[in-house]
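In what follows, residues are counted from 1 in the order of the sequence shown.
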Amino acid sequence: MKKTFLNDLNIIRKNHYKYILIHLFLLLIFLVVYGITKSNFRISFYTTLGLNFSKNATTIEQTLYLYNSFVYIFLFVFLFLKNLSLSVNNLFLRENKKTWCFRKLILNYLYIIIFKAISYLLLSLVLKIFNVDLKNVFNLYLIDCTITILISNFIIFIYIIFRNQILFVLSLILFVILLLMIPLNVISLNIKIVIPLLCFIIIQIPLILTLFQKNCTQIYENLSER
């Protein structure tokens, strides 16, 4: 697992570190500009991280909510499928398909936790500079990570089911519409919500493993055609 973790980090460093830096820079800039504009850095912090999305959300809040969701979903799906695009036969010579899939899921959860931690820490440091104190940041972080992992699992689940790129894109569009219809206002959630969300994640994992074992060869064939 350590070797895979380092390999994935190397892939991110070589191919996507610029995008990650740009992402963090955009978050910092928006936090400061929006905070100064609204004269409220607490609201700016929530909006920047997409935490205050609701039925009455403004266009900016909707945009930041979707933006933050897609950044981590893209990272999750990209790293999950990266090794598969090389060769299924070589990949599973020494390792069971379910074992590989489980290991990749756990590692991807870890990436989400790490990158979100970096985002939260950087933005929290900016709040400190402006003498703004948020006492519930860690609770928000835990809830946010859990929801992001849950959504990412759904995306992987959908991809494995449909396998076809066009059907996946169409289902993804429908999923985005569903996200907009069901507001995930993190700041209004109690930390206790993490427990049932973790239960859902635990339920998702064996379903994903079973489907992956059944469909991984076809997934590879579809990836190879791209």
Subject >> CD1-CG distance between Ile118 and Leu123, expressed to the nearest 0.5 angstrom >> reply: 11.5 Å

Original post:
How are the rings of Trp100 and Phe212 set relative to one another: parallel (under 30°), tilted (30 to 60°) or perpendicular (over 60°)?
Top reply: parallel

Original post:
What are the two closest non-hydrogen atoms of Ser44 and Gly35, and how far apart are they?
Top reply: OG-N, 3.2 Å

**OP:** Could you note down all residue pairs passing salt bridge (charged side-chain N to carboxylate O under 4.0 Å, His left out) where residues 131-143 supplies at least one of them, sequence neighbours left out?
**Re:** Lys128-Asp133

Subject >> Separation between CG of Leu140 and CG of Asp144, rounded to the nearest 0.5 Å >> reply: 8.0 Å

Original post:
Are the side chain of Asn153 and the backbone of Gln204 linked by a donor-acceptor contact shorter than 3.5 Å?
Top reply: no

Subject >> More than 12 heavy atoms from other groups under 6.0 Å of CZ on Phe130 >> reply: yes

Original post:
Partners of Tyr72 by side chain to side chain donor-acceptor pair (under 3.5 Å), sequence neighbours excluded?
Top reply: Ser119

Original post:
Roughly how far apart are Leu122 CG and Thr48 OG1, rounded to 0.5 Å?
Top reply: 12.5 Å

Original post:
What orientation do Tyr111 and Phe115 show, parallel under 30°, tilted 30 to 60°, or perpendicular over 60°?
Top reply: tilted

Subject >> Value rounded to 0.5 Å, distance of CG in Leu197 from CD1 in Ile202 >> reply: 11.0 Å

Subject >> Backbone N/O of Thr58 and side chain of Glu61: donor-acceptor pair under 3.5 Å >> reply: yes

Original post:
Does the side chain to side chain contact (heavy atoms under 4.5 Å, CB included) test come out yes or no for Thr148 and Tyr109, once each step is laid out?
Top reply: CA-CA 9 Å; Thr148 302; Tyr109 299 157; over 6 Å; no

**OP:** Taking Ser188 for its side chain and Asn185 for its backbone only, find out whether a donor-acceptor pair lies under 3.5 Å.
**Re:** yes

Original post:
Any link between Leu51 and Phe70 through a network of hydrophobic side chains (Ile, Leu, Val, Met, Phe, Trp, Tyr) touching at under 4.5 Å?
Top reply: yes

**OP:** Anything under 30° is parallel, anything over 60° is perpendicular, the rest tilted; go ahead and classify Tyr120 against Tyr141.
**Re:** perpendicular

Original post:
Between Asn40 and Ile43, is there a donor-acceptor pair closer than 3.5 Å when you use the side chain of the first and the backbone of the second?
Top reply: yes

**OP:** Starting at CG of Leu31, measure out to CG of Leu26 and round the result to the nearest 0.5 Å.
**Re:** 12.5 Å

Original post:
Can Val194 and Ile191 be said to form a side chain to side chain contact (heavy atoms under 4.5 Å, CB included), step by step?
Top reply: CA-CA 6 Å; Val194 169; Ile191 187 62; 3.9 Å; yes

Subject >> Leu64 side, atom CG; Thr59 side, atom OG1 - distance, nearest 0.5 Å >> reply: 11.5 Å

Original post:
Can you name the side chain to side chain donor-acceptor pair (under 3.5 Å) partners of Asn68, sequence neighbours left out?
Top reply: none

Original post:
Does Leu125 CG have over 12 foreign heavy atoms under 6.0 Å away?
Top reply: yes

Original post:
Just by modelled atom types, is the Leu49 backbone N or O under 3.5 Å from a matching donor or acceptor in the Tyr67 side chain?
Top reply: no

